[in-house]
Amino acid sequence: DLTKRQILLHARHQHIDGTVLHWWFPLTESGPRSGQSDTPLWLVYLTLSYLAETDDLKALNETAPYLDGPARTLFDHCTRSLEIVLKRFSKRGLPLIGHGDWNDGLSAVGPLWKGESAWLGHFLYDILLRWAQVLDRIKVAKQVKIAGVSPATLSAQGPRYRKRAAALKAAINRYAWDGQWYWCATRD
């Protein structure tokens, strides 16, 4: 229950476009809108971890308001997080780093949204495949229906995320592998 409450707390600090607050002041519920490329994905990652531990697919119907929009399901929040990251890709098929990724030491390499993050590519690859598995589980779980999501949407999203993951894996191995190591990032 504590983990689910924490997940919903984070969902309430998300904008309707999928971006999130990088951190916030609990008394005012305000903070900076994140320019970090990985920040939206942590909600999905935590939700996936929660689902793996509890198998509580019904939690995806829990609702939380957006900072600038109405309350929607946790499923909607996670989908918007994925979609904002999937919109931020280079021509080479790698995710853009923006104001940084998990490695705070790279916070100045991509503020113009041209630099790429190999780490984010690995992180996103795992999340896309795991989220596609959750979509498969929802489709076969007759007692779980996600509010506002049609079976056709579920059927289309899983393969789409798997396809994006496969393309991402190919791009990471083609452009981020130097034959001995994966590099961290490129600059703008």
Side-chain angles (χ1 to χ4, degrees), residues 10-11 13-23 31-49 51-52 66-68 74-138 149 152-188:
H10 285 271
H13 293 87
Q14 181 182 36
H15 293 275
I16 202 157
D17 68 358
T19 58
V20 298
L21 297 183
H22 190 59
W23 48 262
R33 193 175 202 147
S34 180
Q36 276 76 11
S37 59
D38 65 315
T39 311
L41 291 178
W42 291 104
L43 175 66
V44 187
Y45 181 79
L46 181 57
T47 300
L48 287 166
S49 297
L51 294 175
Y66 288 97
L67 286 168
D68 53 358
L74 177 58
F75 182 89
D76 189 74
H77 281 268
C78 289
T79 299
R80 288 175 190 261
S81 291
L82 284 169
E83 293 302 324
I84 192 69
V85 174
L86 289 172
K87 288 178 185 174
R88 298 172 171 172
F89 266 63
S90 71
K91 292 178 183 175
R92 299 193 306 170
L94 295 171
L96 299 174
I97 194 167
H99 295 239
D101 62 14
W102 177 78
N103 182 348
D104 291 338
L106 299 176
S107 63
V109 302
L112 300 177
W113 288 96
K114 295 178 184 174
E116 302 158 317
S117 170
W119 177 88
L120 183 63
H122 290 279
F123 187 50
L124 178 59
Y125 174 80
D126 176 62
I127 288 173
L128 287 170
L129 292 181
R130 290 173 59 206
W131 190 252
Q133 290 172 346
V134 167
L135 297 174
D136 292 343
R137 288 175 44 218
I138 293 168
V149 180
T153 299
L154 288 173
S155 293
Q157 278 186 339
R160 180 174 161 260
Y161 289 146
R162 284 185 177 91
K163 184 177 178 181
R164 288 295 302 262
L168 179 55
K169 180 179 179 179
I172 290 168
N173 287 326
R174 180 174 181 189
Y175 298 113
W177 178 251
D178 71 5
Q180 191 171 12
W181 303 94
Y182 285 102
W183 45 261
C184 297
T186 62
R187 296 181 182 165
D188 285 334

Colleague: List the atom of Leu168, the atom of Tyr125, and the distance in Å for their closest heavy-atom pair.
Modeller: CD2-N, 3.7 Å
Colleague: State which residues pass side chain to side chain donor-acceptor pair (under 3.5 Å) with Asp101; sequence neighbours excluded, sorted by chain then number.
Modeller: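 Counting only residues at least two positions away or on another chain, Asp101 forms a side chain to side chain donor-acceptor pair (under 3.5 Å) with Ser117.
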Colleague: Under the criterion side chain to side chain contact (heavy atoms under 4.5 Å, CB included), I'd like the reasoning laid out for His22 against Gln36: C-alpha separation, chi angles, the key distance, then a yes or no.
Modeller: CA-CA 8 Å; His22 190 59; Gln36 276 76 11; 3.5 Å; yes
Colleague: Might you work through the side chain to side chain donor-acceptor pair (under 3.5 Å) test for Gln14 and Ser81, ending with a clear yes or no?
Modeller: CA-CA 9 Å; Gln14 181 182 36; Ser81 291; 2.8 Å; yes
Colleague: Measuring from atom OG1 of Thr79 to atom CG of Asp76, what distance do you get when rounded to the nearest 0.5 angstrom?
Modeller: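 The distance works out to 6.5 Å.
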Colleague: Do Tyr175 and Glu116 make a side-chain contact, defined as non-hydrogen atoms from C-beta onward lying under 4.5 Å apart?
Modeller: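 When only atoms from C-beta onward are counted, Glu116 and Tyr175 do not touch, as no gap falls below 4.5 Å.
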Colleague: Residues in side chain to side chain donor-acceptor pair (under 3.5 Å) with Trp42, at least two apart?
Modeller: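 Asp38.
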Colleague: How about Val20 and Leu43: do any of their side-chain heavy atoms sit closer than 4.5 Å?
Modeller: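 The answer is no; the side chains never approach within 4.5 Å.
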Colleague: My understanding is that only residues two or more places apart in sequence, or in another chain, count here; which of them pass side-chain contact (heavy atoms from CB on, under 4.5 Å) with Arg164?
Modeller: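 Partners of Arg164 under the side-chain contact (heavy atoms from CB on, under 4.5 Å) test: Leu86, Phe89, Leu128.
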Colleague: Less than 4.0 Å between a side-chain N and a carboxylate O, is that true for Lys87 and Asp17?
Modeller: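 Salt bridge absent between Asp17 and Lys87.
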Colleague: Any chance you could measure Tyr66, atom OH, to Thr19, atom OG1, to the nearest 0.5 Å?
Modeller: 10.5 Å
Colleague: Run the side chain to side chain contact (heavy atoms under 4.5 Å, CB included) test on Tyr182 and Ile172 for me, step by step, so that the C-alpha distance in whole Å, both residues' side-chain angles and the decisive distance to 0.1 Å come before the verdict.
Modeller: CA-CA 8 Å; Tyr182 285 102; Ile172 290 168; 3.5 Å; yes
Colleague: Please examine the side chains of Val109 and Thr186, heavy atoms only from C-beta on, and report whether any two atoms are closer than 4.5 Å.
Modeller: no
Colleague: Check the orientation of His99 and Trp113. Use parallel for under 30°, tilted for 30 to 60°, and perpendicular for over 60°.
Modeller: tilted
Colleague: Looking at every non-hydrogen atom in both residues, tell me the closest pair between Leu74 and Ala11 and how far apart they are.
Modeller: CD1-CB, 4.5 Å
Colleague: Hey, are the side chains of Cys78 and Trp131 touching, using non-hydrogen atoms and a 4.5 Å cut-off?
Modeller: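 Sidechains of Trp131 and Cys78: in contact.
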Colleague: Between Asp178 (side chain only) and Trp183 (backbone N and O only), is there a donor and an acceptor less than 3.5 Å apart?
Modeller: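 Between the backbone of Trp183 and the side chain of Asp178 there is no qualifying donor-acceptor contact (under 3.5 Å).
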Colleague: Do Phe75 and Leu135 make a side-chain contact, defined as non-hydrogen atoms from C-beta onward lying under 4.5 Å apart?
Modeller: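 They are in contact (side-chain heavy atoms under 4.5 Å apart), so the answer is yes.
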Colleague: Could you tell me whether the side chain of Leu96 reaches within less than 4.5 Å of the side chain of Ser90, counting heavy atoms only?
Modeller: yes
Colleague: Is there a side-chain contact between Pro95 and Arg88 (heavy atoms, below 4.5 Å)?
Modeller: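 Pro95 vs Arg88: side chains apart.
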Colleague: Shortest non-hydrogen contact from Asp188 to Gly115?
Modeller: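 Minimum heavy-atom separation between Asp188 and Gly115: OD1-N, 2.8 Å.
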Colleague: Determine, for Tyr161 and Arg130, whether the Lys NZ or Arg CZ falls below 6.0 Å from the six-membered ring centre while staying within 45 degrees of the axis.
Modeller: no
Colleague: Arg174: what forms a salt bridge (charged side-chain N to carboxylate O under 4.0 Å, His left out) with it, not counting sequence neighbours?
Modeller: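 None.
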Colleague: Taking C-beta and beyond as the side chain, do His77 and Thr47 meet within less than 4.5 Å on heavy atoms?
Modeller: no
Colleague: Partners of His13 by side chain to side chain donor-acceptor pair (under 3.5 Å), sequence neighbours excluded?
Modeller: Trp24, Glu29
Colleague: Spell out, as yes or no, whether a donor-acceptor pair under 3.5 Å connects the side chain of Ser37 to the backbone of Ile97.
Modeller: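 Side chain of Ser37 to backbone of Ile97: a pair is present.
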Colleague: Counting only heavy atoms not in Arg137, do more than 12 fall under 6.0 Å of its CZ?
Modeller: yes
Colleague: Which class fits the ring pair Tyr45 and Phe123: parallel under 30°, tilted 30 to 60°, perpendicular over 60°?
Modeller: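 Tyr45 and Phe123: tilted rings.
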Colleague: So, for Gln133 and Arg162, which heavy atoms are closest and what is the spacing to 0.1 Å?
Modeller: N-NH2, 3.9 Å
Colleague: If you look at every heavy atom in Val44 and Leu82, which pair is closest and at what distance?
Modeller: CG2-CG, 4.3 Å
Colleague: Nearest 0.5 Å, what's the CG-CD1 distance between Asp68 and Ile16?
Modeller: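 Between Asp68 CG and Ile16 CD1, I get 6.5 Å after rounding to 0.5 Å.
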Colleague: Can you name the side-chain contact (heavy atoms from CB on, under 4.5 Å) partners of Trp23, sequence neighbours left out?
Modeller: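 So Trp23 forms a side-chain contact (heavy atoms from CB on, under 4.5 Å) with Phe25, Pro32.
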Colleague: If you look at every heavy atom in Gly18 and Ile84, which pair is closest and at what distance?
Modeller: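 The answer is O-CG2, 3.7 Å.
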